[in-house]
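Note that the coordinates shown come from a computational prediction; the quantities given were computed from them, not determined experimentally. When reading the values below, keep in mind they use all heavy atoms of this one structure, side chains included, and skip hydrogens, waters and symmetry mates. Numbered from 1 within each chain, the chains take letters A, B, ... in sequence-line order.
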Amino acid sequence: DQQVKQNSPSLSVQEGRISILNCDYTNSMFDYFLWYKKYPAEGPTFLISISSIKDKNEDGRFTVFLNKSAKHLSLHIVPSQPGDSAVYFCAASVVGGGADGLTFGKGTHLIIQP
Amino acid sequence: DTAVSQTPKYLVTQMGNDKSIKCEQNLGHDTMYWYKQDSKKFLKIMFSYNNKELIINETVPNRFSPKSPDKAHLNLHINSLELGDSAVYFCASSLGRGTINQFGSGTRLTVV
């Protein structure tokens with residue numbers, strides 16, 4: 001039973017345009033959401049997070065939006081750059097009380113085309 | 001200076017063997033984890049360890065056992081390796097449960 005879902009295995013975007021990566025979750029206990037970026041043969045690198053009490057968090061070119069009623073979050077990257085090409089994982093957790101660490105989606109492979 | 005380091009990076013071994021993967025973090029974090037990324041690239045929690053309390057994902061076979069000599073280390077021991085254990089194993093740490101995990105670079109285990 002996948003509690004965090006990323007339904008797009010891959011996404012291709014032109015350099016300079018906006019990249020939008022989507023994520024859905026089913027567990028209403030999740031109160032913290034994160035995005036990780038992963039290059040081949042490396043560990044996931046933390047990008048940005050959002051608490052369930054917020055609906056938006058911005059950090060430079062990266063913005064995460066959270067729609068709690070829809071159990072949906074998205075990551076916007078603008079403008080997209082070639083170095084953004086990587087696999088992006090959405091993750092969720094229950095802060096403090098969860099024994100399960102982070103629950104990850106299956107990832108979306110973002111390809112930025114020049 | 002690497003925050004979460006794990007060794008070895010690659011490990012090839014035969015079925016039935018026992019092996020260990022080491023993990024160390026220099027971040028002063030209270031919680032450490034082991035995750036497994038399988039052939040379908042699905043990243044899944046195996047264990048979390050906080051203040052000598054070990055919490056195990058129920059799907060993990062008891063051939064896998066984490067050992068923590070101190071707060072900065074969480075090693076993974078695997079007994080009687082099977083073909084299906086082939087995967088990439090990631091160590092991670094965080095300040096508290098469920099917060100930002102900092103990951104190591106992974107250990108690719110291949111069982112032949």
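- Residues Phe33(A) and Val94(A) fall within the same hydrophobic cluster, defined by Ile, Leu, Val, Met, Phe, Trp and Tyr side chains chained together at heavy-atom separations under 4.5 Å.
- Residues Ile111(A) and Tyr39(A) do not share a hydrophobic cluster, defined by chaining ILVMFWY side chains whose heavy atoms lie under 4.5 Å apart.
- The heavy-atom pair separating Thr99(B) from Leu102(A) by the smallest distance is O-CD2, 3.9 Å.
- Phe62(A) and Ile20(A) are assigned to two separate hydrophobic clusters, defined by single-linkage of ILVMFWY side chains at heavy-atom distances under 4.5 Å.
- Heavy-atom distances place no part of Phe30(A) under 4.5 Å from chain B, backbone and side chain included.
- Scanning all heavy atoms of the two residues, the minimum distance from Ser49(A) to Ile100(B) falls at OG-CD1, 4.5 Å.
- Counting all heavy atoms, side chain and backbone alike, Leu43(B) lies closest to Pro44(A) at CD2-CG, 3.9 Å.
- Remark: Phe90(B) CZ to Glu42(A) CD distance equals 9.5 Å, nearest 0.5 Å.
- At a heavy-atom separation below 4.5 angstrom, chain A is approached by Phe103(B), Gly104(B), Ser105(B) within residues 102-112 of chain B.
- A donor-acceptor pair under 3.5 Å links the side-chain atoms of Lys9(B) to the main chain of Ala41(A), judged by distance alone.
- Residue contact with chain A, scored on non-hydrogen atoms closer than 4.5 Å, is absent for Glu53(B).
- Atom NZ of Lys41(B) is separated from atom NE2 of His109(A) by 11.0 Å, given to the nearest 0.5 angstrom.
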TODO: In sequence, state the C-alpha distance, the side-chain angles, and the governing distance for Ile45(B) and Phe104(A), and then conclude on side chain to side chain contact (heavy atoms under 4.5 Å, CB included).
DONE: CA-CA 9 Å; Ile45(B) 184 79; Phe104(A) 282 86; over 6 Å; no
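- The cluster map of Ile, Leu, Val, Met, Phe, Trp and Tyr, joined by side-chain heavy atoms under 4.5 Å apart, puts Tyr10(B) and Ile21(B) in different clusters.
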